[in-house]
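Numbers for residues simply follow the sequence, beginning at 1. Just so we're clear, the structure is a prediction, and the values are computed from it rather than from any experiment. Both counts, for ligands and for their atoms, begin at 1 and track the order of listing.
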Amino acid sequence: MAKTGRTQRSKSIYRCQSCGHVEPRWLGKCPECEEWGTLVEELDIGGGKVDDRPPPDVATPVSIAEVEDLEITNRLNCGMEEVDRVLGGGLVPGAFVLLGGDPGVGKSTLLVQMLKGITEEIAGEDGRVLYVSGEESVGQTALRARRVDAVAPGLILLAETNLERILSHAAKLRPHVLAIDSIQTIFSELLDSIPGAVGQVRECAGRLMSYAKASGVPTILVGHVTKDGQIAGPKTLEHVVDAVVYFEGEGGSPYRILRAHKNRFGSTQEMGVFEMRSSGLREVRNPSELFLAERPVGAPGSVVVASAEGSRPILVEVQALVAPPSAGVGRRTSAGVDSNRLALLLAVLAQRANCDVLTEDVFVNVAGGVRVAEPAIDLGIACAVASAARSQAVDARTLVFGELGLAGEVRAVSFADVRLAEASKLGFTRCLLPAQNYERLDQDHGLELVAIDRLATALAKL
Ligand code: TYD
Ligand code: MG
């Protein structure tokens, strides 16, 4: 390993992320393109004499027909089926994985439970995993591990934030897996910026990736999702890593979902469900029951819709309530859906489907505090309002999706198969979907499918 230290400190430069302009100092505004806040610290690696000799060990071009099947064997399982499935069947040698999520959702808990499982899997061969915490002391990490019954002799803890020292420990210890909690707390002494700055996150992740690829040690980075929903350094890490898995949970609910957002070694349609208990995370093997159990089954105004933002399917419950107007005119109150869209859907319901609630108070809410901004939930919202207005409940195992046009027509949406696969996984038995989607499905999902071309037909079928 290359020796690094203050003596060999390289010079930092600040590059504009928008136009590529380079400054020797940080500036708030790029003098070249005049964008604000785009200068990010980097190591100055250029500048010297250009060496045009090819680096040793260069890869050679090869015909695709001659490439042997890359049998991805030797996957490391962590023994938690819900995690292994999301990772595509365990950790591949050299895999570089980002575990993202909101602060407090349970990433450290999941990580320590995974690492314990991995040490158990490889205990026979003197297994060691290195858990580096930049956020907590060794004592705090051990306390949590004890609480969730994740104590194993092969689980080595290190409280360190200095990247160079972490890499030197890893080189000495030669762990089977390296975990960094979290990437935002780690800094390289070669850069001047503080931990968590885009430049630091990028540099540290890059060096850790080189370590993972060169040593073959699967490396897991924990990353906090920042307020605008991105892992620090806007999408900086997502394209560098092999897999991005998000740990999600709604405030107050004990349930957590682990989803692959990107995975070079497996499918991104898998998800794992967990329950956070006082004794740590417990796997939930049958999420459909859990999901349906929280809904008011048989209550009018409740409809499950399938949203697929960025191709990731999420099933959410839309609730509607129709009440006599409290003021002279009907009011609309919506949470989780766009109020203009709701106004439009109510007009379509009144004009095209003979369901007039324009003079009443209408409340629409997406349960769980989720926000959905996709037209595919139009049909579901309209059905929920109609169900509430007519006091007729919609079958609890029926899913609805489709975009509504102003003429009351139901339009096709993207990712129909993805939505249906999720519904089938979650135990739904029936789905109302746009006729155009119905004709172009790729797979059979084992659901009873009802092709819909007009809103009025959908209301009749429900
Ligand atoms: P943590 O793993 O520290 O979250 P993160 O690393 O994502 O910030 O856990 C966060 C919360 O989980 C914490 O507020 C308490 C709760 N928790 C439990 O309910 N049970 C447990 O066994 C543990 C360890 C944590
Ligand atoms: Mg943590």
Side-chain angles (χ1 to χ4, degrees), residues 78-80 82-83 86-87 97-120 129-152 155-163 166 177-187 194-196 200-201 204-205 208 219-233 237-238 241 243-261 271-284 287 290 294 368-369:
C78 71
M80 295 171 87
E82 297 289 305
V83 179
V86 174
L87 288 175
V97 178
L98 177 64
L99 169 62
D102 291 329
V105 73
K107 298 180 296 300
S108 303
T109 310
L110 181 67
L111 190 60
V112 79
Q113 289 186 241
M114 280 173 69
L115 293 179
K116 149 94 176 334
I118 291 172
T119 53
E120 278 176 356
V129 301
L130 179 57
Y131 180 155
V132 181
S133 178
E135 305 195 330
E136 293 163 336
S137 67
V138 168
Q140 281 170 308
T141 311
L143 195 69
R144 178 193 291 106
R146 221 159 269 143
R147 229 173 95 190
V148 305
D149 188 26
V151 176
L155 180 49
I156 317 284
L157 303 180
L158 170 68
E160 181 60 84
T161 54
N162 181 307
L163 176 73
I166 292 170
V177 173
L178 172 65
I180 308 284
D181 187 1
S182 65
I183 186 67
Q184 278 104 342
T185 57
I186 308 298
F187 73 96
I194 55 164
Q200 282 286 9
V201 168
C204 293
L208 286 164
T219 299
I220 305 172
L221 304 183
V222 168
H224 294 294
V225 173
T226 49
K227 268 210 201 80
D228 47 5
Q230 299 182 329
I231 293 181
L237 295 179
E238 294 199 351
V241 298
V244 181
V245 292
Y246 282 104
F247 205 38
E248 303 164 357
E250 281 305 324
S253 158
Y255 300 109
R256 305 282 185 267
I257 293 184
L258 184 71
R259 266 177 215 280
H261 178 73
M271 65 170 198
V273 183
F274 303 83
E275 183 185 353
M276 179 64 94
R277 297 192 169 184
S278 56
S279 56
L281 289 160
R282 195 186 61 95
E283 295 178 82
V284 176
L290 164 132
E294 292 203 287

V148 contact mode with ligand 1 (heavy-atom cut-off under 4.0 Å): side chain

Contact partition for K107 relative to ligand 1, non-hydrogen atoms under 4.0 Å: both

Gap separating the CG atom of L111 from the CG atom of L281, nearest 0.5 angstrom: 11.0 Å

Partners passing side-chain hydrogen bond (donor to acceptor under 3.5 Å, both in side chains) against S182 (at least two apart in sequence or in another chain): E135

Distance-minimising heavy-atom pair for M276 and T109: CE-OG1, 4.1 Å

Distance, nearest 0.5 Å, that separates CG of L115 from CD1 of I156: 11.0 Å

Atom 24 (C) of ligand 1 protein-contacted (non-hydrogen atom, under 4.0 angstrom): yes

Atom 4 (O) of ligand 1: nearest protein contact (heavy atom, Å): G106 N, 3.1 Å

Polar protein atoms (N, O or S) that approach the Mg ion (ligand 2) to under 2.8 Å: S108 OG

Subset of ligand 1 atoms that lie under 4.0 Å from at least one heavy atom of R144: 1 (P), 2 (O), 3 (O), 24 (C)

Any protein heavy atom < 4.0 Å from atom 8 (O) of ligand 1: yes

Exercise: identify the closest heavy-atom pair between A260 and V86: N-CG1, 3.5 Å

L155 versus A150, closest heavy-atom pair with distance: CD2-O, 3.5 Å

Separation of F247 CZ from D102 CG (nearest 0.5 Å): 11.5 Å

Donor-acceptor contact present, side-chain K116 to main-chain C78, <3.5 Å: no

Numbering as shown, the atoms of ligand 1 that approach R277 to under 4.0 Å (heavy-atom distance): 18 (C), 19 (O), 20 (N), 21 (C), 22 (O)

Contact with ligand 1 for S278, non-hydrogen, under 4.0 angstrom: yes

Protein contact of atom 16 (C) of ligand 1 - nearest heavy atom, named by residue and atom, plus distance: M276 CE, 4.1 Å

Candidate pair L178 and L208, rule side chain to side chain contact (heavy atoms under 4.5 Å, CB included), full reasoning: CA-CA 10 Å; L178 172 65; L208 286 164; 4.1 Å; yes

Atom 15 (C) of ligand 1: nearest protein contact (heavy atom, Å): R147 NH2, 4.8 Å

Atom 10 (C) of ligand 1 [closest protein heavy-atom partner, distance rounded to 0.1 Å]: G104 O, 3.2 Å

Flag, side chain of Q184 to backbone of H224, donor-acceptor distance under 3.5 Å: yes

Nearest protein heavy atom with distance in Å, relative to atom 2 (O) of ligand 1: T109 OG1, 2.5 Å

Heavy-atom gap E135 to ligand 1 smaller than 4.0 Å: no

Polar side-chain atom of Q113 near backbone of L110 as donor-acceptor pair, under 3.5 Å: no

Closest protein heavy atom to atom 6 (O) of ligand 1, given as residue, atom name and distance to 0.1 Å: S108 OG, 2.7 Å

Check: E283 main-chain N/O paired with E82 side-chain donor or acceptor under 3.5 Å: no

